[in-house]
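Okay, so here's the structure we're looking at.
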Amino acid sequence: MSTGSRPLSPHLQIYKPQITSVLSILHRITGIALAIGTLMLMWWLIAAAAGPHAFASAQAALGSWLGRLFLFGWTFALFYHLANGIRHLCWDAGFGFQLRTVSVTGWTVVAAAVVLTFGAWMLGYAAMGGAS
Amino acid sequence: MSLRSDLGRVRGLGSAKEGVAHWWAQRLTAAALVPLLLWFVASLVSLAGADHKAAVAWIGHPVHAVLLLLLLGAGLHHAHLGLQVVIEDYVHREWLKVTSIVLVKFAAALIAAASGFAVLKIAFAG
C-alpha cells in the first residue's frame, strides 16, 4: 500500500518521556524479566531435589558475581512489579486517577522498589553473617 | 441506546467472545501473589548462603511446600496471562502470534510442573 505524502502521526520517540509512560513500559519489562526468572527458580528447586552436589553447584553459580547481578536485578524487578501491580489494582478498583495522585503514587512505587531491594540485600548479607 | 441484543448483554462476553475471564484471572492471581511473594522473598533472605541440608529442610516443611506450590501455580498462571497480552500487542503476523502464545503457555505449564515436582519430591522423599 502506498502511503504517498500523507501526514503521519508522531512516532513514540517524539514524545517527552513522562513518569506515567516510563513506569508503564517498565511494568511490562519487569514482568517479562520475572517470567524468565521463573527458569532460575525452577533450576534452584530441581537442584535442591537432585541432591547436595547439584545444589552446591547451583548455589555457587548464583553466588558468583554474575549470579548476584542477576539476582539483584530479579529482586528489583520483583519489588517494582509488585509495588506497581498494587498501584494497578487500585486503578482497577477505581481509585487514584487524578494527575497529581498518579505522579505521587508513581514516584512512591519507584522509591519503594529501590528501598525494598537494597533492604532485602542488606538483610541477606546480615543473615550470612557478613561472610563474603 | 445499546445495539446489543438482550441475550448478548446477559452473556456478557463482549466482542472478544471470552468475557472478562482473562482479565479477572490476571487480577486474582496478582492479589494472591502479593502476600505469597512477600513471604517468599523474606524466606529467601533468611536462606541466603544456606547449605543443602538447610534448604531442603525449609522447602520440605509442610507449610512451606504448600505455599511454594501456590506461589508456582499463581505465579506461572499470572506470567503466561501477562506474556500473552504482550505478544498480542506486539506480534501481528497471525501464525507467529499464535505459535508464540502456545509456546509460552506450554513453557509455563512445564516450569510449573517441574518446579512443583521438585518441591513434592523434597517434601515426601527428602
Side-chain angles (χ1 to χ4, degrees), chain A residues 25 27-60 62-63 68 71 74-75 78-79 81-86 88-89 91-93 116-117 119-132, chain B residues 23-24 26-31 33-38 40-42 44-60 68 71-72 75-76 78-83 85-87 89-90 104 107-108 110-126:
Chain A
I25 195 62
H27 195 70
R28 284 220 148 159
I29 294 168
T30 52
I32 295 168
L34 287 168
I36 296 168
T38 59
L39 286 168
M40 204 160 63
L41 173 62
M42 173 178 76
W43 174 53
W44 187 75
L45 287 170
I46 289 176
H53 193 70
F55 188 74
S57 11
Q59 287 289 75
L62 289 172
R68 284 180 203 211
L71 279 175
W74 180 83
T75 315
L78 187 136
F79 279 130
H81 201 85
L82 184 72
N84 202 47
I86 293 171
H88 267 282
L89 288 174
W91 285 334
D92 292 335
L116 287 169
T117 302
W121 277 74
M122 287 194 308
L123 285 174
Y125 276 114
M128 288 166 67
S132 65
Chain B
W23 187 91
W24 183 233
Q26 184 100 60
R27 268 70 192 172
L28 271 190
T29 49
L33 283 168
V34 173
L36 285 170
L37 282 172
L38 289 176
F40 182 62
V41 175
L44 283 189
V45 165
S46 69
L47 278 172
D51 60 6
H52 182 251
K53 204 166 155 241
V56 163
W58 182 82
I59 297 167
L68 276 174
L71 173 72
L72 288 165
L76 284 152
H78 187 83
H80 94 77
L81 291 170
L83 288 177
V85 174
V86 173
I87 292 168
D89 280 353
Y90 302 131
V104 158
L110 179 68
I111 294 171
S115 309
F117 177 77
V119 170
L120 289 175
K121 178 174 182 286
I122 291 168
F124 290 133

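Because the structure is a prediction, the values reported are computed rather than measured. In the text below, chain A, chain B and the rest are named by the order of the sequence lines, each starting its count at 1.
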#### Entry: Side chain, backbone, both or neither of Trp44(A) within contact of chain B (heavy atoms, under 4.5 Å)
side chain
### Summary
One should read off an interatomic distance between His52(B) NE2 and His53(A) NE2, to the nearest 0.5 angstrom, of 12.0 Å
### Query
Can you tell me how far NE2 of His78(B) sits from NE2 of His81(A), rounded to the nearest 0.5 angstrom?
4.5 Å
#### Entry: Engaged part of Val34(B) at the chain A interface, taking heavy atoms whose separation is under 4.5 Å
both
### Query
Is chain B contacted by the side chain of Leu82(A), its backbone, both, or neither, given a heavy-atom distance below 4.5 Å?
side chain
### Query
For chain B, which residues from residues 28-36 of chain A have at least one heavy atom closer than 4.5 Å to it?
Arg28(A), Ile32(A), Ala35(A)
### Task
Begin with the C-alpha distance, continue with both residues' side-chain angles, and end with the deciding distance and a verdict on side-chain contact (heavy atoms from CB on, under 4.5 Å) for Leu41(A) and Phe40(B).
CA-CA 11 Å; Leu41(A) 173 62; Phe40(B) 182 62; 3.6 Å; yes
### Message
Within this structure, what is the CG-CD1 distance for the pair Leu33(B) and Ile86(A), rounded to the nearest 0.5 Å?
### Response
11.0 Å
### Task
Would you check, one step at a time, whether the test side-chain contact (heavy atoms from CB on, under 4.5 Å) holds for Leu44(B) with Thr75(A)?
CA-CA 11 Å; Leu44(B) 283 189; Thr75(A) 315; over 6 Å; no
#### Entry: Heavy-atom pairs under 4.5 Å with chain A, option from Leu76(B), Asp51(B), Val56(B), Ile122(B) with the top count
Ile122(B)
### Message
What part of Leu62(A) gets within 4.5 angstrom of chain B, counting heavy atoms only: side chain, backbone, both, or neither?
### Response
neither
### Message
For the interface with chain A, which of Ala125(B), Gly82(B), Ala50(B), Ala42(B) has the highest count of heavy-atom pairs at distances below 4.5 Å?
### Response
Ala50(B)
### Query
Tell me, side chain or backbone of Val104(B) under 4.5 Å from chain A's heavy atoms, or both, or neither?
neither
### Task
Measure Ala48(A) against the heavy atoms of chain B and call it side chain, backbone, both or neither at under 4.5 Å.
both
Donor-acceptor pairs are to be reported for all side-chain atoms of residues 110-121 of chain B against protein atoms at under 3.5 Å, with residues two or more places apart or in another chain.
{"from": "Ser115(B)", "atom 1": "OG", "to": "Ile111(B)", "atom 2": "O", "distance (Å)": "2.6"}
{"from": "Lys121(B)", "atom 1": "NZ", "to": "Ala49(A)", "atom 2": "O", "distance (Å)": "2.8"}

### Query
Can you tell if the side chain of Leu72(B) reaches within under 4.5 Å of the side chain of Leu45(A), non-hydrogen atoms only?
yes
